[in-house]
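Fair warning: this is a prediction, and the values are worked out from it, not measured in the lab. The sequence lines fix the lettering, A, B, ..., with proteins before strands; numbering per chain opens at 1.
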Amino acid sequence: MARVIVDVMLKPEILDPQGQAIARALPRLGFSGISEIRQGKRFEVEIEGPADEAALADVRKMAETLLANTVIEDYSVRVEAQ
Amino acid sequence: MARVIVDVMLKPEILDPQGQAIARALPRLGFSGISEIRQGKRFEVEIEGPADEAALADVRKMAETLLANTVIEDYSVRVEAQ
Amino acid sequence: MIDSVTRATETPDEPQPYAELGMKADEYERVRAILGRRPTSSELAIYSVMWSEHCSYKSSKVHLRQFGTKAPKSDALLVGMGENAGVVDIGDGWAATFKIESHNHPSYVEPHQGAATGVGGIVRDIMSMGARPVAVMDALRFGALDAPDTRRVLPGVVEGISSYGNCLGLPNIGGELAFDPCYIGNPLVNALCVGLLRKDQIKLATAPGPGNKVVLFGARTGPDGIGGASVLASATFEDESHAKRPAVQVGDPFMEKLLIECCLELFEADVVVGIQDLGAAGVSCATTELAAKGTGGMRVDLGLVPLRDPSLLPEEILMSESQERMMAVVTPEDIDAFMAICARWDVPATVIGEVTDTGRLVMTWKGDVIVDIPPGTAADEGPVYERPFHEPEAQAALNADDPVRLARPDDLRATLLTLLGSSNLASKEWVTSQYDRYVRGNTVLAMPADAGVLRIGEVMPGAEETDRGIALATDGNGRYARLDPYAGAQLALAEAYRNVAVTGARPLAVTNCLNFGSPEDPEVMWQFAEAVRGLADACKTLGVPVTGGNVSFYNQTGSTPIHPTPVVGVLGVLDDVRKRVPHGFTAPDLKIVLLGDTRDEFGGSEWAHVVHGHLGGLPPAADLEAERSLGGVLVDAAGRGLIEGSHDVSDGGLAVALAEACLARGVGGTVELPGPDAFVDLFSESTARVLLAVRPESYDALAELCARREVPYYCLGMTGGPALRVEGVLEVPVEELRAVHEGALPAVFGS
Amino acid sequence: MSAARVGVVTFPGTLDDQDAARAVRHAGGEAVPLWHADRDLKGVDAVFLPGGFSYGDYLRCGAISRFAPLMEELIPAARAGLPVLGTCNGFQILCEAHLLPGALTRNEGLHYVCRDQRILVENAATAWTGDYTPGQEILLPVKHGEGRYVADTATIGALESGGQIVFRYLGGNPNGSMNDIAGISNEAGNVVGLMPHPEHAVEELTGAPSVDGRGFFTSILKRFVNL
Ligand SMILES: Nc1ncnc2c1ncn2[C@@H]1O[C@H](COP(=O)(O)OP(=O)(O)O)[C@@H](O)[C@H]1O
Ligand SMILES: [Mg+2]
């Protein structure tokens with residue numbers, strides 16, 4: 001049993017309307033000193049066996065084909081330290 | 001300039017239909033060995049100054065009041081290693 | 001290094017990547033001739049996008065002219081083709097503007113964003129006429145229902161339309177959904193928007209008055225959809241970071257909603273001289289078109305354009321297709337009021353230039369002049385092609401393959417159920433339930449009605465009071481058009497016209513989206529030429545002018561084009577919207593009446609397609625005179641309150657129309673067929689037919705109206721009971737019809 | 001006697017404000033537009049938070065709106081007894097503002113759903129439901145992508161036992177909400193939130209095929225006539 005984290009973020013050049021809406025709202029809410037916010041997705045994937053190379057390769061493939069839309073998003077995969 | 005990451009996940013007891021839908025689709029797509037997937041949000045917050053305690057306290061407050069709805073979500077805040 | 005005009009003059013022989021930008025050698029030479037020197041890379045950017053097929057209509061122009069030359073005389077037309085959208089007079093001081101546009105290719109690459117930005121683009125077209133957008137519609141085509149490609153593309157497209165349109169607060173009041181293997185790899189996503197305005201409020205895309213300010217407002221400009229510009233950037237700048245710019249645009253419907261409300265306040269405050277949306281070709285298009293239609297000159301400092309990505313180069317800024325942007329021309333006296341309204345709506349706005357009387361569009365970047373062109377040469381004087389065309393080699397054989405040779409069924413009950421659950425005739429609710437059809441509270445009819453109907457009186461507080469309403473429908477049948485593009489385009493118009501008329505509305509005007517393969521293929525070009533000729537002729541006969549539209553070419557995979565698919569939208573008006581006719585059988589104990597004659601016509605029919613996988617012969621005859629008479633009866637009868645419910649008869653024939661009429665409110669009916677051949681009566685797709693439900697005491701008056709206009713009519717039976725019964729032929733409980741009809745799409749896409 | 005004044009709030013991205021105002025007028029009240037950026041309730045007798053996509057519904061529905069200047073006035077006023085009704089996005093804002101317990105999350109089916117929905121009125125004693133009878137079945141449209149009501153077990157228990165579950169879905173739950181909850185009230189019964197849209201069911205000609213939403217508006221207006 002291990003937990004693998006897949007982070008999916010819009011590519012930097014792609015418009016992130018969600019992040020922008022939050023960033024625009026911040027000053028009004030009294031938060032300053034923040035230059036940018038981008039919003040993405042985080043997946044917590046529980047795998048049954050150990051997080052070995054084979055399992056990670058599988059998760060990477062899953063990220064590539066299912067969790068991320070690689071036309072507009074980048075992803076990264078890492079094992080969570082338990 | 002520093003980047004602070006805020007991860008927001010639904011509390012474990014709250015149904016996550018998005019994660020479930022992905023998990024259900026996996027076998028059909030040829031992925032096995034995955035026991036659960038949960039989907040949450042990841043925010044990349046760029047702060048103007050250094051990520052010192054004061055700045056982190058600010059981001060934590062933002063997470064608590066805005067980025068997460070603590071009725072249904074948990075959050076965690078960390079500085080991204082550059 | 002910035003490629004300034006000075007530099008261009010000094011380096012006349014520097015090679016330029018015009019071919020990579022899709023320009024032909026002779027087109028490039030023409031630019032050189034116009035300018036008397038080589039263009040700068042920014043100028044090349046402008047000419048290449050403005051002279052592209054998409055912006056210049058260079059292959060279609062010579063044909064589209066017929067919409068003007070053959071246009072019927074119409075008092076209703078306030079603004080015709082050539083503006084962002086046509087405007088029609090709908091009475092009582094009100095006007096409506098509407099247009100349909102394609103976003104086919106982007107929706108294949110990224111279904112959600114492609115479809116979403118398609119909605120966004122057409123909504124801005126409507127806004128730029130000075131109108132409040134009031135509803136959207138969408139006409140969709142996908143590959144076979146069970147094809148993997150369809151499963152990938154359809155849910156994303158629907159979600160994109162849904163998320164964008166719903167967030168704007170525009171009710172979705174109708175559209176189409178059809179499947180055919182020819183659309184695999186080439187889905188069609190055509191979006192329509194309709195807007196309302198006071199007649200005296202029309203805005204045009206023009207920049208008159210030297211000294212007036214040019215304002216860019218809305219979203220900041222980013223590197224969206226500038227795949228093409230990267231060629232320029234890498235050629236001129238040898239800069240790798242610019243080599244991979246995204247071809248995909250992402251929409252921000254929230255920003256668009258703010259833009260809508262902001263524009264309406266700007267119009268109300270009367271602080272806009274001219275306005276243009278930024279669509280394909282972004283700043284290039286907006287500046288050249290505004291300048292060309294105004295006093296003729298404009299000075300712009302591109303360095304003032306607010307950027308999302310500060311590394312953007314001027315060529316990229318010029319080509320960027322970032323969404324949710326508009327450009328306005330404002331007098332210096334009004335500029336403060338203009339900016340204040342933008343600020344109230346949190347819409348960023350920046351003065352980037354000024355109108356001049358020099359006849360030149362001049363752009364600077366950090367002090368250098370990088371563009372200096374006569375704007376009309378980019379906007380209006382693009383290349384025009386007389387592309388060769390001829391009838392496809394296989395056309396004669398296709399038309400000769402008449403469906404009379406197909407085996408006809410004995411079990412008509414089974415045939416009805418098969419058709420009713422087939423992809424093109426099944427309930428579209430899986431799609432339509434993702435669209436908000438109620439928002440803004442003016443929706444009178446929407447799915448599953450034949451046309452969407454809106455009340456208009458409460459849309460714009462302060463405008464003249466009115467009881468009027470508008471009705472809209474879109475239609476198009478690629479199989480019919482494949483068999484005969486001339487007739488196919490006419491049939492598309494006829495069906496949309498009829499769908500508007502069955503609600504009781506008087507059809508007024510037409511918009512169209514012409515989806516075809518490559519214009520460089522003479523066989524495709526023939527299909528196009530025939531379709532345009534057919535549509536223009538039909539508009540003339542029916543007395544409804546074309547007010548605008550859109551052409552989408554290159555819908556093909558390899559050398560295989562899609563079926564020619566002209567999608568036609570018709571707008572009609574109800575003088576009293578309370579007299580609209582609802583959809584289907586609305587109550588028991590009404591007489592069921594069929595108007596129009598049925599012939600043995602199965603070419604291109606759903607029956608041939610579903611049961612035999614056959615496409616051949618000729619489509620049903622387009623009898624436009626009959627459609628016109630039928631429309632007249634429907635409008636008169638509705639106005640006199642003679643009709644309780646209605647449904648047009650089209651795909652799948654009378655059998656499917658009867659079933660859908662029962663499903664509308666769960667009211668069954670019993671009918672007797674008028675003709676000798678039950679199969680023909682039930683499944684033929686003869687046109688100019690509708691099904692009505694009328695109170696017995698209204699029947700004679702209806703019959704008299706029909707007789708006066710020589711419209712054939714047949715009383716088939718009565719509504720009521722839990723089943724659809726065709727005497728001596730079939731009986732199906734309404735709930736069984738429902739299960740079959742509503743189960744098909746969820747079976748593929750989940751419930 | 002002058003008509004009761006019902007404030008209708010517009011945030012950036014609010015969509016159903018015109019409809020809500022129209023419904024108030026049809027019921028004989030005066031609709032008073034309230035602007036999110038003003039710290040001013042204009043002395044209204046009640047407030048309607050309409051549906052829409054305030055701030056694009058980015059982040060979470062209602063998350064940004066609840067910080068609006070107007071909300072700084074509205075929150076204490078509601079706690080002090082001002083009748084407030086939130087439909088759809090308005091309901092989401094009320095939950096985000098903690099005027100109502102629980103939260104609204106993504107529909108279980110993951111799609112936006114627009115349909116005519118049967119609703120059971122369970123509590124006819126709130127400020128906004130006096131014109132209904134307990135157990136009455138009504139038809140109202142729902143149209144939302146994030147309407148699945150969730151709360152912890154203790155909260156649900158308290159809502160159930162305190163009669164705070166005002167509306168429940170009948171004939172199929174469109175979003176997977178806990179206990180088929182369609183709408184709730186606060187303990188005092190002056191603040192009510194629901195996902196369905198009464199303002200789209202007040203006219204014969206337009207909107208949903210019912211006029212069952214009228215009761216919301218007549219309820220609140222009668223309350224002020226009777227005061
Ligand atoms: N893509 C779509 N978007 C919105 N509404 C649609 C769409 N496709 C179909 N509809 C609506 O669903 C209903 C049924 O469509 P259809 O079966 O094509 O109608 P008909 O049988 O009258 O030709 C109509 O109200 C139509 O406007
Ligand atoms: Mg129809």
Short donor-acceptor contacts under 3.5 Å linking chain A with chain B:
| unit_1 | atom_1 | unit_2 | atom_2 | d |
| --- | --- | --- | --- | --- |
| Asp7(A) | OD2 | Arg42(B) | NH1 | 2.9 |
| Gly33(A) | O | Glu48(B) | N | 2.8 |
| Ser35(A) | N | Glu46(B) | O | 2.8 |
| Ser35(A) | OG | Glu46(B) | O | 3.2 |
| Glu36(A) | O | Glu46(B) | N | 2.8 |
| Arg38(A) | N | Glu44(B) | O | 3.0 |
| Arg38(A) | O | Glu44(B) | N | 2.9 |
| Gly40(A) | N | Arg42(B) | O | 2.7 |
| Gly40(A) | O | Arg42(B) | N | 3.0 |
| Arg42(A) | N | Gly40(B) | O | 3.0 |
| Arg42(A) | O | Gly40(B) | N | 2.6 |
| Arg42(A) | NH1 | Asp7(B) | OD2 | 2.9 |
| Glu44(A) | N | Arg38(B) | O | 2.8 |
| Glu44(A) | O | Arg38(B) | N | 3.0 |
| Glu46(A) | N | Glu36(B) | O | 2.8 |
| Glu46(A) | O | Ser35(B) | N | 2.8 |
| Glu46(A) | O | Ser35(B) | OG | 3.2 |
| Glu48(A) | N | Gly33(B) | O | 2.8 |

*Is there side-chain contact between Pro17(A) and Leu15(A), with at least one heavy-atom pair below 4.5 Å?*
yes

*Closest non-hydrogen atom pair between Pro50(B) and Ala55(B), with its separation*: O-CB, 3.6 Å

*Can you tell which part of Phe31(A) gets under 4.5 Å to a heavy atom of chain B, answering side chain, backbone, both or neither?*
side chain

*If we only count heavy atoms from C-beta on, is the Val77(B) to Leu56(B) side-chain gap below 4.5 Å?*
yes

_Leu26(A) and Leu66(B), any side-chain heavy atoms less than 4.5 Å apart_ = yes

*State which residue, out of Leu29(B), Ile37(B), Ile34(B), fulfils the side-chain contact (heavy atoms from CB on, under 4.5 Å) condition with Ile22(B).*
Ile37(B)

*Less than 4.5 Å apart, any side-chain heavy atom of Phe43(B) and any of Val8(B)?*
yes

*Which residue out of Ile47(A), Leu67(A), Val59(A) racks up the most heavy-atom pairs below 4.5 Å with chain B?*
Ile47(A)

